[in-house]
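A short write-up of the structure that comes next.
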Amino acid sequence: MSGRPEILFPLFASLTKLDGVGPKTAQILDHAGISKPRDLLMTLPHSGIDRQRRDSIRDVVAPAVATVEVTVGPHYPPRSRGRPYRVHVTDAQTEFQLVFFHARGDYLQRLLPTGQRRIVSGKVEIFDGIAQIVHPDHVLPLSEADDIPAFEPVYPLHAGITQKLMWKATRATLDLAPDLPEWCDPALVAREKWPAWKPALTAAHGPSAMADLSPDHPARQRLAYDELLAHQLTLALARAVSRRAKGVSSKGTGQLQDEVLASLPYAPTGAQTRAVAEIAADLARGYRMNRLLQGDVGSGKTLVALMALLCVVEAGGQGVMMAPTEILARQHLDGLRPLAAAAGVRLEILTGRDKGQARAEKLADLASGDIGILVGTHAVFQKDVVFHDLRLAVIDEQHRFGVAQRMELGAKGTAVDVLVMTATPIPRSLALAQYGDMDVSVLDEKPPGRTPAQTALVSTARMDEVVEKLRNAVAEGRQAYWVCPLVEESEIVDMTAAEERFKQLRAALGEGVVGLVHGQMPPAEKDAAMARFVAGDTKVLVATTVIEVGVNVPNASIMMIERAESFGLAQLHQLRGRVGRGATASTCLLLYQSPLSETGRRRLDIMRETEDGFRISEEDLAMRGAGDVIGVAQSGVPRFRIADLERQAGLMAVAQNDARKLLHDDPRLETARGQAARALLWLMEQDKAIRLISVG
């Protein structure tokens with residue numbers, strides 16, 4: 001199977017082959033992301049207009065669209081410039097006006113000859129007590145009346161594209177669409193009462209009422225499912241290929257892990273024990289592990305990661321723990337060092353700061369295998385970093401780390417197992433879209449010894465009281481974060497907001513008490529400001545959102561979030577997770593500016609009600625949409641044309657199970673359903689997946 005099947009050729013031909021689409025129109029469509037007939041099929045109408053024939057405009061309640069047969073009466077050209085041109089018409093019951101601005105009289109005389117009958121369709125409005133239709137959408141002779149559908153689909157438009165054009169082009173494309181063999185599981189199609197692919201397209205592009213536009217309509221569900229299935233098939237193929245890649249089996253003895261557990265003042269949670277067992281089983285198998293460890297803030301991911309690293313050390317290998325920034329790498333180092341020491345394992349850090357002799361010595365010890373576990377930033381990728389026997393890479397905070405880097409890391413060892421840790425609880429549907437090629441372990445319990453933060457809402461009008469309270473807390477020796485609002489995504493404006501707040505707090509609380517970090521600072525200055533706060537020299541740290549990922553200051557027990565309503569739920573949750581890490585009772589103050597919008601209020605209420613990151617992420621998805629929850633730029637979440645991840649979340653899990661089962665039963669997609677699935681992959685432009693089959 002080398003290329004696209006011939007049956008699909010018409011859908012991938014030039015748009016100009018379609019009736020009524022010339023080179024200029026094709027260019028306009030191309031700007032809107034429609035470059036071939038297939039894209040037109042995947043652009044579904046988002047609403048519709050009832051254009052069924054009425055006897056009279058009296059049958060609708062203005063303002064509303066009406067389609068009626070009229071007799072054309074006298075024309076009234078404008079008396080002066082800028083005035084409208086009016087044409088009087090009469091339907092079966094009443095008379096009204098058609099109104100045109102900037103229209104040429106000779107054109108209107110031809111369109112609406114006095115005394116003749118025409119079908120007109122447009123929005124009826126009452127103006128000064130007179131019914132009128134301004135610029136009717138359709139004016140047709142009776143012989144062409146059938147050109148107006150009873151229910152007209154309305155398409156999302158771009159500049160220069162009209163509804164009429166979309167209607168004609170989609171009808172022409174539907175005529176081209178071939179009947180394709182069924183790629184969905186027949187039992188699923190029967191259970192859901194879904195139509196086949198082509199009838200589903202015809203129904204989705206030819207709705208007969210508003211209800212047909214709902215994402216729950218069987219035709220829409222079916223088309224969404226096709227898209228999700230193609231996506232999950234691609235991920236399942238990638239997973240199958242990585243599973244065929246030979247890995248190294250690392251069977252831990254459990255000895256070093258036991259020493260660490262014995263040194264801990266508490267027992268691990270059930271979730272931690274379960275995750276460690278899942279990872280150990282993966283490491284012992286002969287294929288490469290590709291696992292996601294998903295745990296809320298404070299669920300104890302670090303301990304699980306260390307157990308995994310010790311597992312490969314016990315088996316005679318080495319492990320590396322990667323962090324996105326130097327601050328986080330040092331923090332992992334501080335957290336892991338005493339534990340590694342309890343097991344007698346040498347743990348070192350490698351960052352861009354290591355230079356000269358010290359660096360050369362570390363590299364030599366890595367190459368000889370003296371260093372069992374290395375903590376580092378992406379400096380670990382440099383060419384001269386050579387491991388003795390690298391077997392496991394633990395990567396902290398996935399979305400700063402693309403698939404490309406995962407592969408680069410794989411090249412460092414023969415077949416490195418990968419464990420990705422994320423503290424962003426991702427709703428299940430998105431996790432499946434983003435990490436569908438990975439196996440997932442979830443930490444859904446909190447270890448003992450943590451005091452949940454009290455969350456309160458305060459209006460910015462009470463700023464003076466808030467600063468006064470902060471002064472008292474600082475006098476008691478407590479530390480606080482003060483996060484400045486997110487301003488229109490501009491780091492420069494964010495910076496000025498933070499600097500202003502810093503000056504005001506410094507004036508109120510005194511010199512040397514307040515520190516500042518923001519995105520525009522040179523990294524060394526940022527690190528120094530953070531270090532002073534960690535050491536407890538500064539008591540209040542004013543920051544833009546740079547602190548949201550991973551900073552751990554147990555003594556910091558107050559989190560102030562200014563203009564909290566401008567943050568997403570997931571971000572608020574991450575920020576709140578920075579406090580409540582020690583035994584002191586901690587507080588998170590959400591400062592909002594009134595009046596709050598309805599969504600703003602709902603978001604802050606959810607924060608006050610729950611600490612459960614997974615519940616928060618599901619709410620976030622429902623409120624903001626998929627692109628925003630993960631941040632589209634680095635999301636890795638595909639852009640679906642039809643599937644709606646918020647409203648059709650359940651379909652994603654079905655698609656994953658279906659795709660994995662299909663490949664399990666038919667790894668080379670050679671059965672009749674397998675061949676149909678190949679056609680689906682071509683149709684959905686998942687050519688990469690097709691190549692993965694040939695790799696196999």
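- Donor-acceptor pairing under 3.5 Å is lacking for the side chains of R563 and T460.
- A salt bridge links E326 with R353: the closest approach of a Lys/Arg side-chain nitrogen to an acidic carboxylate oxygen falls below 4.0 angstrom.
- Between L651 and Q221, the closest heavy-atom pair is CD1-O, 3.9 Å.
- Contact annotation: the side chain of P268 approaches that of L303 to within less than 4.5 Å [non-hydrogen atoms, C-beta and beyond].
- Using a 4.5 Å cut-off on side-chain heavy atoms (C-beta onward), I561 and C588 make contact.
- Counted by atom type alone, T455 and R576 present one or more donor-acceptor pairs between their side chains at under 3.5 Å.
- In this structure, T351 and R330 have side chains that are in contact, with non-hydrogen atoms separated by less than 4.5 Å.
- Heavy-atom neighbours of Q454 CD from other residues, nucleotides or ligands within 6.0 Å: at or below the threshold of 12.
- R506 is not listed as a side-chain neighbour of V513, based on a closest heavy-atom distance of 4.5 Å or more.
- At a threshold of 4.0 Å, the pair R501-E562 counts as salt-bridged, since one of the basic side-chain nitrogens sits closer than that to a carboxylate oxygen.
- Under the 3.5 Å distance criterion, the side-chain polar atoms of Q479 are left unmatched by any main-chain donor or acceptor of V474.
- For the atom pair CE of M321 and CG of L336, the computed distance is 5.5 Å after rounding to the nearest 0.5 Å.
- Remark: R462 does not engage E468 in a salt bridge, criterion side-chain N to carboxylate O under 4.0 Å.
- Between F567 atom CZ and H573 atom NE2 the span is 15.5 Å, to the nearest 0.5 Å.
- Across all non-hydrogen atoms, the minimal contact from A343 to L310 is CB-CD2, 4.5 Å.
- Contact check for T422 versus L293: no side-chain heavy atoms found under the 4.5 Å cut-off.
- Between the E278 side chain and the S441 main chain, no donor and acceptor come within less than 3.5 Å of each other.
- Among all heavy-atom pairs drawn from I558 and A473, the shortest one is CD1-CB, 3.5 Å.
- Under 3.5 Å, the side chains of E565 and Q593 contain no donor-acceptor pair of N or O atoms.
- Exactly one residue among V375, I371, L374 makes a side-chain contact (heavy atoms from CB on, under 4.5 Å) with L350. That residue is L374.
- The backbone N or O of M289 lies less than 3.5 Å from a partner atom in the side chain of D417, making a donor-acceptor pair.
- Across every non-hydrogen atom of A308 and I279, the tightest pair is CB-CG2, 3.7 Å.
- Of all heavy-atom pairs between T377 and A329, the closest is CG2-CB, 4.1 Å.
- Annotation: the span from E314 atom CD to Q257 atom CD amounts to 4.5 Å, rounded to 0.5 Å.
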Intermediate values then yes/no, side chain to side chain contact (heavy atoms under 4.5 Å, CB included), L392 and L419:
CA-CA 8 Å; L392 170 67; L419 178 67; 4.3 Å; yes
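- Remark: side-chain polar atoms of R660 are not paired, donor with acceptor, to backbone N or O of Q232 under 3.5 angstrom.
- Remark: D605 engages R608 in a salt bridge, criterion side-chain N to carboxylate O under 4.0 Å.
- Side chains of R532 and T538: no donor on one and acceptor on the other come within 3.5 Å.
- When side chains are defined from C-beta on, I373 does not count as touching V320, because their heavy atoms never get closer than 4.5 Å.
- Taking the ring axis of Y225 as reference, the NZ or CZ atom of R220 does not stay both within 45° of it and closer than 6.0 Å to the ring centre.
- Taken from CE in M307 to CG in L283, the straight-line distance is 13.5 Å, to the nearest 0.5 Å.
- Considering CH2 of W482 and CG of L591, their distance stands at 5.5 Å, rounded to 0.5 Å.
- Minimum heavy-atom separation, L339 to S263: CD2-OG, 4.4 Å.
- T273 places a side-chain N or O within 3.5 Å of a backbone atom of T269 that can act as its donor or acceptor partner.
- Counting only distance, with no hydrogens or angles, the side chain of K526 and the backbone of V517 share no donor-acceptor pair below 3.5 Å.
- Q272 contributes a side-chain N or O that, together with a main-chain N or O of G300, makes up a donor-acceptor pair within less than 3.5 Å.
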Go through it in stages, so that I can follow the logic: the residues are L309 and L347, the test is side chain to side chain contact (heavy atoms under 4.5 Å, CB included), and I'd like the CA-CA distance, side-chain angles, deciding distance and then a yes or no.
CA-CA 11 Å; L309 290 161; L347 178 110; over 6 Å; no
Evaluate Q574 against Q571 for side chain to side chain contact (heavy atoms under 4.5 Å, CB included), listing each step before the verdict.
CA-CA 5 Å; Q574 286 288 325; Q571 257 187 324; 5.6 Å; no
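- Put simply, the side chain of E227 gets close to the backbone of R641: a donor and an acceptor are under 3.5 Å apart.
- Looking at R578, its side chain never comes within 3.5 Å of a backbone N or O of M559 through a donor-acceptor pair.
- Side-chain atoms of Q648 never come within 3.5 Å of backbone atoms of A643 as a donor-acceptor pair (strictly under, hydrogens ignored).
- Counting heavy atoms from C-beta on, the side chains of V440 and R291 never come closer than 4.5 Å.
- For E525, the salt bridge (Lys or Arg N to Asp or Glu O under 4.0 Å) criterion is met by no residue, not counting sequence neighbours.
- A distance of 9.5 Å separates CZ of R478 from CG of L470, quoted to the nearest 0.5 Å.
- Inter-residue side-chain proximity for N555 and F533 is flagged as unmet; no heavy-atom pair is nearer than 4.5 Å.
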If you apply the rule side chain to side chain contact (heavy atoms under 4.5 Å, CB included), what do you find for V466 with M560, and how did you get there?
CA-CA 9 Å; V466 170; M560 306 278 199; 3.8 Å; yes
